[in-house]
Amino acid sequence: MWNNRRQFILGSLLFLGTVTFFMIVGDLRVVGVTSVHSKDQSHPVSIHDHGCYTISNTFANTAHSNEVLEERSCSKSVPNVLIIGSKKCGTTTLKNFLGFHPQIAAAETEAHYYDTNIFMGLDWFIDQLPYALPNQLVVEKTPRYLVYPGVQEKMKKDLSPDIKLIIVLREPVTRAISDFTHITFKRYTSEKHLRDKRTDGKPSMSPEQAALRKHFKKIEAKNNQRYPNYDKMGLTFEDSVLTDKGDIDVNSAIIDTSIYVKYLKKWLKYYSRDQILVLDGEQLILEPYQIMQKVEKFLGIEPYFLPENFHFNVQKRFYCLSQPIYACMKPSKGRVHPSVSDEIVDKLKQFYTPYNIELEELLNQTFSWT
Ligand SMILES: Nc1ncnc2c1ncn2[C@@H]1O[C@H](COP(=O)(O)OS(=O)(=O)O)[C@@H](OP(=O)(O)O)[C@H]1O
């Protein structure tokens, strides 16, 4: 009898203790002070609370409830930092890794405001950006800003003159091959891409916005005439970057986008050298920690990233995040490139050499890939 009662009391205490433990852990999750990891290591799902929203291990952001946003004084504003290019140089990786810094609130997707979506208005742009804590800098990245005509004038009108700009530059021929791979991939998946976009439901437009959209679409079509051969992209890389005579086709967007100095010269007419950080894309691949340190210094934020935040993933062949949660870039980053003959690669490298030299002189900076 006594034994039974003792067992009952012990059992009850154990039960109450277990319930209390789970309530505390549950509470911690609600106020979001910790990262949550699934026990199933084959499909680990991790969620990191980043103040005004959570970030998952697919780098998806989910905003907190209105009560939490209010409680934590979250607000939206124009960006303080823009990652403006260059396409296929590692801009997504940089933005995704940086997005875990406690003093950064990074937009999940590219807003394309200063190139194609300007007709939506500044309030729309701000709405695309994440809620931020009072001590967080808001970061947006659209790599097309670097090369798109007229972006600087539009940015000057809206944004602080002290805006910080970040540019990642990869070896130009590798960038061009990556661009070709990306465009080819999109070409074969574009129908799905369009369908998804439609069902996702773009924000509905007022008649005024629709009229403006038409107007800006016309301007965009004109801008794209910069690259008369853009749409004539061939089935192979060679077809896409060479003319019928076998010369390098400077009218190809793939070739043009890798002439970095041409665009940097323009940006430096609008913004001072010390507000533009130019990063080495090859170093980002090999030494992400060193790159994150440079970014922290440039932005004047606390040192947060340590070598332990990253690990090399042998299957992915790239660095991934280990902390605060385990996260690798999606399969669309780090694609296998088509093989290109040494002859074409050498020809292109020779083509880019004078531009690379000019770039280093202009920026007073050297790159591992020159
Ligand atoms: N850690 C890590 N993981 C995966 N991929 C990495 C990483 N660091 C840099 N990269 C390189 O980023 C390239 C894609 O660049 P972007 O993100 O700028 O592309 S995009 O313009 O936004 O489409 C992508 O190009 P591809 O290799 O051609 O796919 C990668 O080489």
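There is a side-chain donor-acceptor pair under 3.5 Å between Y326 and N313. Inspection of the T142 and E140 side chains reveals an N or O donor paired with an N or O acceptor under 3.5 Å. Of the N and O atoms on the side chains of Q275 and S272, at least one donor lies less than 3.5 Å from an acceptor on the other residue.
Using bins of under 30°, 30° to 60° and over 60° for the plane-to-plane angle, the ring pair H48/H50 lands in the tilted bin.
The salt bridge (Lys or Arg N to Asp or Glu O under 4.0 Å) contacts involving residues 161-178 comprise R170-E282, R175-D179, where partners must be two or more places apart or lie in separate chains. Pairs of residues two or more places apart, or lying in two chains, that qualify as ring pair (Phe, Tyr, Trp, His ring centres under 6.0 Å) and include a residue from residues 341-368 are F351-Y355, F367-W369. Applying the ring pair (Phe, Tyr, Trp, His ring centres under 6.0 Å) rule to pairs touching residues 133-175 yields Y114-Y145, sequence neighbours excluded. Under the salt bridge (Lys or Arg N to Asp or Glu O under 4.0 Å) criterion, the residue pairs touching residues 257-276 are D256-K262, K265-E358, with sequence neighbours excluded. Screening residues 325-339 for salt bridge (Lys or Arg N to Asp or Glu O under 4.0 Å), with sequence neighbours left out, gives no hits. Each side chain to side chain donor-acceptor pair (under 3.5 Å) pair with one or both residues in residues 336-349, not counting sequence neighbours, would appear here, but there are none. Sequence neighbours left out, the pairs with a member in residues 274-370 that pass disulfide bond (SG atoms under 2.5 Å apart) are C320-C328. Under the salt bridge (Lys or Arg N to Asp or Glu O under 4.0 Å) criterion, no residue pair touches residues 298-312, with sequence neighbours excluded.
Every residue was checked against the side chain to side chain donor-acceptor pair (under 3.5 Å) condition with D247, not counting sequence neighbours, and none meets it. Residues meeting the side chain to side chain donor-acceptor pair (under 3.5 Å) test with S368, sequence neighbours left out: D280. Shown here are the salt bridge (Lys or Arg N to Asp or Glu O under 4.0 Å) partners of K88, two or more places apart in sequence or in another chain: there are none. E108 is linked by a salt bridge (Lys or Arg N to Asp or Glu O under 4.0 Å) to nothing, counting only residues two or more places apart in sequence or in another chain.
With ring centers used as reference points, F100 lies 6.0 Å or more from Y304. Ring-centre distance between Y319 and F312: below the 6.0 Å cut-off.
Atom CZ of F305 and atom CE of M292 lie 4.0 Å apart (nearest 0.5 Å).
Within the 4.5 Å cutoff, the side chain of T257 has heavy atoms near those of the S86 side chain.
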